[in-house]
There are 2 protein chains.
Amino acid sequence: MAVTIKDVARAAGVSASTVTRALTAPELVHPATRDRVRQTAATLGYHPNRAARGLITGRTGNLGLLVPDLGNPFFPSVVKGVQARAHEGDYAVFLADTDEDTAAEIGLVRRLSKQVDGIVLCSPRMTDDELRTLAADTPLVLLNRRLARVPSVIPDFAEAMRQAVSHLAALGHRRIAYVAGPRVSWANRERVRALRAAAGATGVEVVEVGNVMPQFEGGVAAADQVLAAGVTAVIGYNDLVALGLLNRFTARGVRVPGEISVLGFDDIAPAAMVHPSLTTVALPKEQAGRAGVDLLLQLLEQPDRPAVRRELPVQLMVRGSTGPIPR
Amino acid sequence: MAVTIKDVARAAGVSASTVTRALTAPELVHPATRDRVRQTAATLGYHPNRAARGLITGRTGNLGLLVPDLGNPFFPSVVKGVQARAHEGDYAVFLADTDEDTAAEIGLVRRLSKQVDGIVLCSPRMTDDELRTLAADTPLVLLNRRLARVPSVIPDFAEAMRQAVSHLAALGHRRIAYVAGPRVSWANRERVRALRAAAGATGVEVVEVGNVMPQFEGGVAAADQVLAAGVTAVIGYNDLVALGLLNRFTARGVRVPGEISVLGFDDIAPAAMVHPSLTTVALPKEQAGRAGVDLLLQLLEQPDRPAVRRELPVQLMVRGSTGPIPR
DNA sequence: TTGAAAGCGGTACCAA
DNA sequence: TTGGTACCGCTTTCAA
């Protein structure tokens, strides 16, 4: 059986209340008592039961984290950031993978909400209304999704697209394709919008292909349509899609970037592992995770503060998959 | 404020005890009462607070999961398996990434143990003694690690190496390199042992290079030593290392498999994304996660049953990175 | 078949 | 500065 506060109290010859104080409000107890209690607790290997504590304080010391698909390396990076920051604040993390399933998402939030102080929702697929309903019950922070009156962390999509399109335009491309991700993805809609703006500003023509799943296979499936569209460059919804395009082009003997340039988003690890390596716009991942926890902890401290929206910087990583237009 | 059992009791005109029974032991309450209570609970959106329940039942309904590095796609796959099986059993999962840090590993187990019913330890780096100490306090299941009297799930390493070496031998390779992973990795020691056995049986000579970190960069770093060793094939500790080798070979203009064959372990997603694609021995990942939870739940049911050890099958995936010896 | 009361491991408040 | 007591939300006797 685990050692409880009573065991410590008995061993130290004090009451349970004093043990609590010695551990959580040291200034309220006599130094000698405090030291004795702490010493005893350490010897016995006492660690307070957070669940029991949470019952009365209303704080569990746990955070929830939902991601759509751990199979996409983007999300493990976010998870790492969340974990790192959470542990610094002495929080533990409940993680759930929703498998891109909206219903599962809602159920998991409900399920988790009792056991955690707040939840970081990464790239949620549910509707704005559903989100708002949940946010009314549980402290929520959104990653890669914007919603009025809910704290959120988002990459600077507009800037990301500007960098991508400017790069291609500078290489001489005038007609490019965009392989779209899931229609329910807020990030996809944002990217489309930003792309149109950036393309308009640079006089580049855009052909949309898709929608596809935000996975390698989605890119593979879209590749032939892209080739048929008569473009000299293609931007994938994310790196996985771009890697799928790259793979299919190579398999068909289409030279990259000799005949077509390929560009992705995210900068996941495999982007640097392939040959040619993938030019991509690096989105903050660990950093976004950390920022999400920051906002959540703020929200827990001051529930009534107006919701903060944090926009994080992005950076184009020029690698081997983009080059001058074929001539 | 969340709805509690009292709210339901009041709304349904019964006592809290009856609500509990209606929900957890339906046969003990009158069908009419049961239905009314359940209906009320549903309307109010009542979900029992698992922490409070755990306080009295000793069961939290939570499982812990520790992995060394979510950045290696192998582990997210395992996580998916664990989650899937856990949710089927109505358990939630606490995940922690230890960043390959032994001290963090131990601390996290201690930290988690109060909040969960049991812990799945994936590829733990700590020593046998440390493991055994923890296992005495907390129900533990090991993945990719074997330890007497502790339930464990491991891939059939011996068979994996046999398949790998036989494949290379059949292609004519007689002198191959092995790029070793971390010295503290049990899996690495097992692979070395299995490799020696398999090599001895087939008359293949093995050169060991390393140890390196089990990452892409480790493979990149080892590649030149491998070339200098005068071998015609190389087996990486895992796919990330093999991908690093592949990348560096390609960058140096060394043709794969024309001049050297490359083989990995794990079958992570990026192995199929590169060109040439990576020949690898597929280890069970989701399946291992599921099996781990199975064993843990068994252990919770029958704590005194002798520890089960489950060995899972493996399969060589022949792809583009291995071929006949150069001539 | 149901309700009252006790208690799981803590913390917070009040009184001493 | 300390101890006693009530209570967080829930389950489990025990009696009715």
Side-chain angles (χ1 to χ4, degrees), chain A residues 1-38 40-41 44-62 90 92 110-117 137-138, chain B residues 1-38 40-41 44-62 90 110-117 137:
Chain A
M1 204 46 205
V3 6
T4 77
I5 199 171
K6 285 182 189 164
D7 301 323
V8 180
R10 198 174 316 121
V14 297
S15 72
S17 327
T18 302
V19 176
T20 290
R21 277 186 225 110
L23 264 26
T24 62
E27 69 282 3
L28 293 182
V29 6
H30 191 91
T33 321
R34 170 167 55 71
D35 293 344
R36 182 158 42 89
V37 170
R38 297 195 146 199
T40 315
L44 265 47
Y46 169 72
H47 296 277
N49 181 325
R50 333 259 309 196
R53 168 187 290 176
L55 216 45
I56 182 139
T57 60
R59 290 293 188 88
T60 61
N62 300 327
D90 204 26
R110 292 235 126 89
R111 161 87 208 259
L112 240 46
S113 62
K114 290 288 200 320
Q115 318 204 46
V116 301
D117 297 335
D137 287 344
T138 310
Chain B
M1 203 47 204
V3 7
T4 77
I5 201 170
K6 284 182 189 166
D7 301 322
V8 179
R10 199 174 315 120
V14 296
S15 72
S17 335
T18 302
V19 176
T20 290
R21 281 186 217 110
L23 265 25
T24 62
E27 70 282 2
L28 293 183
V29 359
H30 191 91
T33 321
R34 168 167 55 69
D35 294 343
R36 181 159 41 91
V37 170
R38 295 195 146 195
T40 314
L44 266 47
Y46 169 72
H47 295 276
N49 180 325
R50 334 260 306 196
R53 169 186 289 175
L55 216 46
I56 180 145
T57 60
R59 289 293 189 87
T60 61
N62 300 328
D90 203 26
R110 293 235 124 89
R111 162 86 208 259
L112 240 46
S113 62
K114 287 287 201 319
Q115 318 204 46
V116 301
D117 296 335
D137 287 345

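Below, chains carry the letters A, B, ... as their sequence lines are ordered, and counting in each starts from 1.
Between the side chain of A/Thr4 and the base of C/dG10, no donor-acceptor pair of N or O atoms lies under 3.5 Å. Within 3.5 Å, no donor on the side chain of A/Thr20 pairs with an acceptor on the base of C/dA12, nor the reverse. For B/Ser17 against C/dA4, a side-chain-to-base donor-acceptor contact under 3.5 Å is present. The base of C/dG9 does not come close enough to the side chain of A/Arg50 for any donor and acceptor atom to sit less than 3.5 Å apart.
Considering only heavy atoms from C-beta on, B/Arg53 stays 4.5 Å or farther from B/Ile5 through its side chain. For the pair B/Leu55 and A/Asn49, the minimum side-chain heavy-atom distance is below 4.5 Å.
In this entry the distance linking CZ of B/Arg53 with P of D/dC8 reads 19 Å, nearest Å. Distance B/Arg10 CZ to C/dT2 P: 19 Å, rounded to the nearest Å. Between the P atom of D/dC10 and the NE2 atom of B/His47 lies a distance of 12 Å, rounded to the nearest Å. Remark: P of C/dC8 and CD1 of B/Ile56 are 8 Å apart, rounded to the nearest angstrom. Remark: C1' of C/dG9 and OH of A/Tyr46 are 7 Å apart, rounded to the nearest angstrom. Atom CG in A/Leu55 sits roughly 8 Å away from atom P in D/dC10 (whole-Å rounding). Taking atom NZ of A/Lys114 as the reference point, atom C1' of D/dG9 lies 11 Å away to the nearest angstrom. Here C/dG3 presents its P atom at 14 Å from CG of B/Leu28, a figure rounded to the nearest Å.
Counting heavy atoms of neighbouring residues, nucleotides and ligands inside a 6.0 Å radius, atom CZ of A/Arg110 does not exceed 12 of them.
Listed nucleotides: C/dT11, C/dT2, D/dG3. Nearest to the side chain of A/Ser15: D/dG3. Of the listed nucleotides (D/dG4, C/dG10, D/dC10), D/dC10 has the atom at the smallest distance from the side chain of B/Ala52. Between D/dT11, D/dG9, C/dT11, one nucleotide has an atom nearer to the side chain of B/Asn49 than all others, and that is D/dG9. Here the side chain of A/Ile5 is nearest to one of D/dT1, C/dT11, D/dT11, namely C/dT11. Side-chain proximity of A/Arg21 to the nucleotides C/dC8, D/dC7, C/dC13 is greatest for C/dC13. Distance from the side chain of B/His30 is smallest for C/dT1 among the nucleotides C/dT11, C/dT1, C/dG9.
Take A/Thr60 and apply the side chain to side chain donor-acceptor pair (under 3.5 Å) test, not counting sequence neighbours, and it matches A/Asp117.
Considering only side-chain N and O atoms, A/Thr18 lies under 4.0 angstrom from the phosphate OP1 or OP2 of D/dG3. Under 4.0 angstrom from either OP1 or OP2 of D/dC10 there lies no side-chain N or O belonging to B/Lys6. In terms of phosphate contacts, B/Thr33 brings no side-chain nitrogen or oxygen within less than 4.0 Å of OP1 or OP2 of C/dT1.
Each of B/Pro31 and A/Pro48 was matched to the nucleotide of DNA chain C holding its nearest heavy atom; the match closer to the 5' end belongs to B/Pro31.
Salt-bridge annotation for A/Lys114 and A/Asp137: absent, with no side-chain N of the basic residue lying under 4.0 Å from a carboxylate O of the acidic one.
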Chi angles and distances behind the side-chain hydrogen bond (donor to acceptor under 3.5 Å, both in side chains) call for A/Thr20, A/Ser17: CA-CA 5 Å; A/Thr20 290; A/Ser17 327; over 6 Å; no
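Nucleic acid contact for B/Val19: none, since no nucleic acid atom lies under 4.0 Å from a heavy atom of the residue.
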